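Each remark here refers to the structure printed beneath this line.
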Amino acid sequence: MTKTKGEDFQHSINKDDNYIENHLARKKFSRKLLFWYAENRRNLPWRHTKDPYKIWLSEIILQQTRVAQGIPYYQRFIRQFPTVFSLAKASEQDVLRLWQGLGYYTRARNLHHCALEVVENFHGKFPDNFKDLKKLRGIGSYTAAAIASISFHQPVVVVDGNVFRVLARIFGITKDISELKTKDYFFALGNELISKEHPDEFNQAIMEFGATHCLPKIPLCGECIFNKDCIANTHDLQTVLPVKKKKQKVTKRYFYYVIIRKGKKVAMRKRNEKDIWHGLFDFYLAETTKPSNLQKLREENKILKNVQSDALSKTYKHQLSHQQLLAKFITVDLSTLPAEMLKVGFKFYSISEIKKLPKPVLILRYLKDEGILE
DNA sequence: AAGCCGGGGAA
DNA sequence: TTCCCAGGCTT
């Protein structure tokens, strides 16, 4: 079959704002989801209680943490701190020690701080609604919704990684989930869909569905109750949805160029093919991952070690898709370098020869600034 | 809006 | 290796 990707699909969504209602009524979605959950729910320690303290504890532990990894921590915390009072009474050191190995340690400090807040400001009773829960330290929109729905039966949807994935796929939402406002969109959509009768079950069901069935890489579409209702499945968009911009980090590279002159000629080298600018010519180069200075460079680089001048040029910047290049130049005369440096085998070019060599724009800009090239 | 926090499992 | 996990806080 021909895959309907990107543009065609985007168009079909944009031209119809009622897309969701047309394809899967909210009641139907909720009903099918709860049905699936009844048959597939895992038996997890925090599923046997509605105690807001225990629900809260489990949710903090499970932030950015897999269920299997969190279970033993949950059990140890419950055993050692059965109530919010006992947790509040503990020292931060004790809490951190019990948390060790779990990562994201501000969670542990916030956990302790929050326990103190609940004891001192609320007589040990957690607030019973989304808005007030969210005010507590370490409780964001996700955790507030989880506690509000599970412990207090409030119809507020949880929006976590699972919910993004499940809703984006089933309803064909192509918004970029890395954008902050997109979370508001899913929050609104989820609150339209959530079962008013069983908000707790709905929230746990949709997360369970995402965690065990609608998997990130290989969703089990073949045996899925939403088979015909799911846009991702019917349009073969499982790998596209949810849309998340790469966020590929831009790496910075600092180039310290040494322009070695011999009379009217200048040394240039052809660049390695495994890097940018392969096959192009630039100058002798000392590269670092952090900004440096001549002092430090002299200690690390055999050429620069003997450089007398301390006049680095201004910084030349060049932005590529995934890396930012920052270059400085320094000119030295070959005669000032020690004899051993001659063995490096620089090749010298006259100005007219240099004009003919293929050069990176970074080099070009510098040469023009210096009036070497017109 | 972006950076930061973290250990671990899966592909 | 890379991705992502039942996110939230700070700047």
Side-chain angles (χ1 to χ4, degrees), chain A residues 33 37 40-47 49 52 54-74 96-114 117 130 133-151 156-169 175-184 186-187 190 194 199-220 238-252 322 324:
Chain A
L33 183 67
Y37 184 59
N40 295 281
R41 61 181 288 171
R42 291 171 288 181
N43 183 15
L44 303 175
W46 45 86
R47 292 251 167 95
T49 180
K54 293 179 179 173
I55 297 301
W56 164 70
L57 176 62
S58 72
E59 294 301 344
I60 301 295
I61 288 175
L62 291 172
Q63 285 169 12
Q64 297 293 285
T65 303
R66 291 180 188 279
V67 167
Q69 190 187 2
I71 288 176
Y73 284 87
Y74 173 80
L96 281 169
R97 193 182 311 114
L98 207 50
W99 196 271
Q100 69 185 346
L102 199 52
Y104 281 133
Y105 295 92
T106 54
R107 282 187 295 171
R109 289 188 290 273
N110 290 343
L111 187 81
H112 185 232
H113 187 280
C114 184
E117 279 185 83
F130 176 80
L133 283 164
K134 202 169 170 310
K135 292 176 184 168
L136 296 171
R137 183 81 65 93
I139 297 184
S141 58
Y142 164 78
T143 307
I147 301 172
S149 63
I150 296 171
S151 293
V156 187
V157 73
V158 291
V159 180
D160 72 339
N162 292 310
V163 175
F164 274 132
R165 189 166 59 253
V166 171
L167 294 184
R169 282 177 175 166
K175 293 177 183 300
D176 178 6
I177 65 168
S178 63
E179 287 182 28
L180 215 54
K181 60 186 177 184
T182 303
K183 189 173 182 178
D184 297 335
F186 278 87
F187 189 67
I194 193 168
D200 50 343
E201 298 273 294
F202 178 94
N203 276 341
Q204 296 187 78
I206 194 168
M207 290 191 286
E208 189 89 336
F209 185 73
T212 66
H213 194 97
C214 193
L215 304 171
K217 302 291 185 187
I218 310 166
L220 312 177
Q238 295 94 331
T239 58
V240 179
L241 301 176
V243 174
K244 189 176 187 179
K245 283 253 169 38
K246 272 290 194 274
K247 209 169 225 174
Q248 57 182 39
K249 64 174 195 280
V250 176
T251 61
K252 291 190 173 186
H322 62 291
Q324 182 180 30

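This is a predicted model, so every value here is computed, not measured. In what follows, chains carry the letters A, B, and so on, assigned in the order in which the sequence lines appear, proteins first and then strands, with residues in each chain numbered from 1.
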To the nearest angstrom, the CG-C1' distance between A:L220 and B:dA11 comes to 15 Å
Whole-Å distance between C:dC5 C1' and A:D160 CG?
-> 9 Å
Counting side-chain heavy atoms from C-beta on, which of C:dG8, C:dC4, C:dA6 comes nearest to A:R47?
-> C:dA6
Return the 5'-most residue of the pair A:G138, A:W46 with respect to DNA chain C, ranking by each residue's nearest nucleotide.
-> A:W46
Just checking A:V158: base, sugar-phosphate only, or nothing, at a heavy-atom cut-off of under 4.0 Å?
-> nothing
Give the C-alpha distance, both sets of side-chain angles, the deciding distance and a yes or no for side chain to side chain donor-acceptor pair (under 3.5 Å) between A:K54 and A:S151.
-> CA-CA 10 Å; A:K54 293 179 179 173; A:S151 293; over 6 Å; no
Residue A:R42, side-chain heavy atoms: nucleotide from C:dC9, B:dG7, C:dA6 that is nearest | C:dA6
P atom, B:dG6 versus C:dT11: distance in rounded Å?
-> 15 Å
Listed nucleotide nearest any side-chain atom of A:Q69, set C:dC5, B:dG7, C:dG8 | B:dG7
If each of A:L44 and A:K217 is mapped to the nucleotide of DNA chain C with the nearest heavy atom, which maps nearer the 5' terminus, i.e. the 5' end?
-> A:K217
To the nearest angstrom, how far is A:I218 atom CD1 from B:dG9 atom P?
-> 18 Å
Residue-level proximity of residues 59-66 of chain A to DNA chain B when a heavy atom falls under 4.0 Å = A:Q64, A:T65, A:R66
Under a cut-off of 3.5 Å for both distances of each Watson-Crick or G-U pair, what dot-bracket string does DNA chain C give, using [ ] for crossing pairs and | for inter-strand pairs?
-> |||||.|||||
With side chain to side chain donor-acceptor pair (under 3.5 Å) as the test, would you mind laying out the steps for A:R47 and A:Q204 before giving the verdict?
-> CA-CA 9 Å; A:R47 292 251 167 95; A:Q204 296 187 78; 2.9 Å; yes
Interatomic distance where NZ belongs to A:K135 and C1' belongs to C:dG8 [whole Å] | 18 Å
If you look at every strand shown and take non-hydrogen atoms under 4.0 Å, does A:S141 touch a base, only sugar-phosphate, or nothing?
-> sugar-phosphate
Taking only side-chain nitrogens and oxygens of A:R165, does any of them come within less than 4.0 Å of OP1 or OP2 of C:dC5?
-> yes
Considering only atom C1', compute the distance from B:dA1 to C:dC5 and round it to an integer number of Å.
-> 23 Å
Provide the distance between the two C1' atoms, one in B:dG7 and one in C:dT10, to the nearest whole Å.
-> 22 Å
Is there side-chain contact between A:S149 and A:F130, with at least one heavy-atom pair below 4.5 Å?
-> no
Could you check how far CD1 of A:I71 sits from P of C:dC5, rounded to whole Å?
-> 18 Å
Do A:F209 and A:N162 come close enough that some side-chain heavy atom pair is under 4.5 Å?
-> no
Would a 4.5 Å heavy-atom cut-off, applied to side chains only, mark A:W46 and A:E59 as touching?
-> no
State whether A:R41 and A:E201 are salt-bridged, where the test is any N-O pair (Lys NZ or Arg NE/NH1/NH2 against Asp/Glu carboxylate O) under 4.0 Å.
-> yes
